[in-house]
Amino acid sequence: MQRSDGLMGVIGWVLAGSGAVAAILSWVFHARVEAAVVEEQTLGVDAGLDRPGIVDRVRTLQAEIADFEGLKLEGQVQALALLTRLGSRHGFLPEVRCTQKKSELTCTLTASGSESQTWQMVASLDALQERSRGSVTVRSCELGTSGAGRVSLSTELSLLIRTPGERG
Amino acid sequence: MALLTLGEEEFTGVQFATACFLGAAAWETPEQTQEQTVGVRLDRVGQTPVTWQATPPRTRGAETAYPLMLAAMRAVLRRTRRQPPFVTIADLSTRNRVYIEVARIDAVGITRQPPLTVRSPGTLARAVERLTTDDAEPIFYLGSAPFPAGEQTRLGALVLSLAEHPAVLGDLLLSGINPRTALRLVLLTATQRTAALTACGVGLWLWSAGQWMDVQRQFDRYGSGLLATELQPLKAQLRTLRSERDRLAAEFERSSKEQLHSTALAVQVRRALAPGARIERFRLDEKRLSLSLTGEAGSVLASLANLGKIGPLGNLSFSVAQNGTSPSGKVSVPVAIELSKGGRRGRAAQ
């Protein structure tokens, strides 16, 4: 009886001790996994990807960002070049005034020409803003007759430009 | 309190009250520096040094004898201020079991008799006689019941009763121990403790199994890359790229929302013009399209009617009379058309 009592005691202690060790280990591991899950959830839809998946996703995102960045203009000079090229295609030399504010460039374009020329210019500006997916935006557009069949055009455009910190 | 245990031994009633504290060996050690022989503990009662066997005796039930007598003697000493030698009878009997210890203390130490299991004046007297024959030595009785006085009136007369009630006995014995060095009490029997430990262990195992299952579920959901530290930089890169992409997309989205569909509107306006009317001025911004129409009164009116379909017209100042006097019969009307956001987009899609 004495011996079996001792044995029982030992079994009880062994069970309780091993249970405690198991509980501590699983608790620690569980906490780590929970933290990792919280971290993983910040990835949103990309959560739970393996290495090739992540690499693939990173590549896609980089391509998308490059696309967006490619749509942006490099600076005032490129904006001026773009607008003059556009103007000369329709046969006039526009007057452009630029104001830069952070990553947004506001340009006021004034030009005058024949009515059809001016309307074509407006149309091509519209086409440009469609093509640019928002990089070039026409804010206002004004046409007025300035006599002798000439029409003056004054538009305000806002262009997205690359900020120096961003990758090209 | 009816049944508590001290280690493997079970005691009841007053036996518990004494045994748990006394069996806890609440002795006082005179000096820590005193050399200790293996298996022998030094203690004292008042000025008297007491050496007693620390190793438990072979017979069961006697383990508490020394601590019990130590505590009893010390209690007597503290209560009566009487120095050894004297004889003490400690009666821990309950209704079912008799247990009486008789011991004498002198300058040498404690001399004790085997515990008595018969509660009669005769056996008590014999036990006392075996310890001392000197009638001048006081005999103290500490018991849970009154001293069994019988035909042996000589002993009855000699005995000084200090406790005759379990509660008094308990208090008295407690006053003879040193609670600081008392051993820890055990709340459960060995079997109960084993059961409790087993239940606790099994519960902990089950809990950790639950945790593991939860972890497994998370792994099933997020893949094994969840804890892979080598993927952390990649994930961080992915996170920054995502926020970058989202920022750019929002920027472009916001920008393209503000777009004016000038060509589409111009086409609409031109279509609305009736023959004979001409647009003098054309201004388009975010909220409104303002233009001024010139031409013959009739065609201008017709054009205005058409323009009203594009959007609500603002206040018109149509002054025919003044212009009507001119030979050409021309009118000039400034028109403002309010452009609602959704409407403009809808029309632009036409």
Side-chain angles (χ1 to χ4, degrees), chain A residues 2 5 8-9 11-20 22-23 25-27 29-30 32-34 36-37 39-40 42-44 46-51 54-55 57-58 61-62 64-65 68-69 71 103 119 122-123 125-127 129 133-135 137-145 158 160, chain B residues 8 190-191 193-198 200-205 207-212 214-215 218-219 221-228 230-231 234-235 237-239 241-242 244-245 248-249 251-264 266 279-286 291:
Chain A
Q2 192 89 16
D5 271 2
M8 291 288 278
I11 288 172
W13 277 113
V14 165
L15 257 172
S18 62
L25 282 177
S26 64
W27 178 69
F29 195 68
H30 188 259
R32 283 192 57 194
V33 168
E34 279 298 310
V37 163
E39 188 80 351
E40 192 80 7
T42 59
L43 287 173
D46 295 336
L49 289 178
D50 52 352
R51 176 183 275 274
I54 292 176
V55 169
R57 191 83 179 94
V58 162
L61 283 172
Q62 273 169 341
E64 277 179 40
I65 288 170
F68 277 126
E69 290 293 341
L71 285 170
S103 65
W119 280 115
V122 169
L125 278 175
D126 216 30
Q129 82 171 358
R133 286 164 57 192
S135 160
T137 315
V138 178
R139 287 294 170 84
S140 72
C141 176
E142 191 174 349
L143 284 95
T145 45
S158 77
L160 295 178
Chain B
E8 305 285 328
T191 322
R193 191 182 56 204
T194 304
L197 284 172
T198 308
C200 190
V202 169
L204 285 170
W205 270 110
W207 184 78
S208 40
Q211 298 274 297
W212 276 105
D214 201 33
V215 165
Q218 301 287 22
F219 271 119
R221 197 163 145 208
Y222 290 109
S224 54
L226 193 62
L227 277 183
E230 70 271 16
L231 286 183
L234 264 179
K235 283 179 183 170
Q237 193 192 359
L238 181 60
R239 213 166 286 134
L241 282 177
R242 268 175 62 97
E244 174 82 8
R245 204 278 314 266
L248 281 170
E251 196 179 10
F252 274 81
E253 171 74 10
R254 183 166 45 78
S255 183
S256 61
K257 238 184 209 162
E258 290 167 358
Q259 278 181 0
L260 290 177
H261 294 273
S262 38
T263 329
I279 297 171
E280 196 81 348
R281 212 167 51 72
F282 177 93
R283 190 186 151 72
L284 178 68
D285 63 24
E286 216 171 314
L291 46 91

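Lettering follows sequence order; numbering is per chain, from 1. Side chains included, hydrogens not; waters and symmetry mates left out as well; all remaining heavy atoms used. Everything numeric in this text was worked out from a predicted model, so none of it was measured.
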**Asked** Going from CG on B:L248 to CG on A:L61, what distance comes out if it is rounded to the nearest 0.5 angstrom?
**Response** 11.0 Å
**Prompt:** How long is the gap from OG on A:S135 to CZ on B:F252, to the nearest 0.5 Å?
**Reply:** 5.0 Å
Shortest non-hydrogen contact from [X] to [Y]?
X	Y	result
A:L160	B:E251	CD2-OE2, 3.6 Å
A:S26	B:W207	OG-CZ3, 4.1 Å
A:F29	B:V215	CE2-CG1, 3.5 Å

**Asked** So which of A:A36, A:A20, A:S140, A:A123 has the largest heavy-atom pair count under 4.5 angstrom toward chain B?
**Response** A:S140
**Asked** So which of A:V122, A:L25, A:V37 has the biggest tally of heavy-atom pairs under 4.5 Å with chain B?
**Response** A:V37
**Request:** Only one of B:T198, B:T194, B:L204 passes side chain to side chain contact (heavy atoms under 4.5 Å, CB included) with A:L15; say which it is.
**Result:** B:T198
**Message:** What I'd like to find out is whether the side chain of B:R283 reaches to under 4.5 Å of the side chain of A:C141, using heavy atoms alone.
**Reply:** no
**Request:** Flag the pair B:R242 / A:E64 as yes when at least one side-chain heavy-atom distance between them is below 4.5 Å, and no otherwise.
**Result:** no
**Asked** chain B heavy atoms under 4.5 Å from A:E40: which part of the residue, side chain, backbone, both or neither?
**Response** side chain
**Asked** When you look at B:R239 and A:E39, which way does the side chain to side chain contact (heavy atoms under 4.5 Å, CB included) test go after all the steps?
**Response** CA-CA 10 Å; B:R239 213 166 286 134; A:E39 188 80 351; 3.5 Å; yes
**Fill in**
Counting heavy-atom pairs under 4.5 Å with chain A, the top scorer among B:L238, B:D214, B:V202 is B:L238
**Largest heavy-atom contact set with chain A, pairs under 4.5 Å, which of B:K235, B:E253, B:Q237, B:R221** = B:K235
**Message:** We want to know whether B:Q218 and A:E34 form a side-chain donor-acceptor pair, criterion being a heavy-atom distance below 3.5 angstrom.
**Reply:** yes
**Message:** Assess, by modelled atom type and distance only, whether the side chains of A:W27 and B:S208 contain a donor and an acceptor separated by less than 3.5 Å.
**Reply:** no
**Prompt:** In terms of heavy-atom proximity below 4.5 Å to chain A, should B:A209 be classed as side chain, backbone, both, or neither?
**Reply:** neither
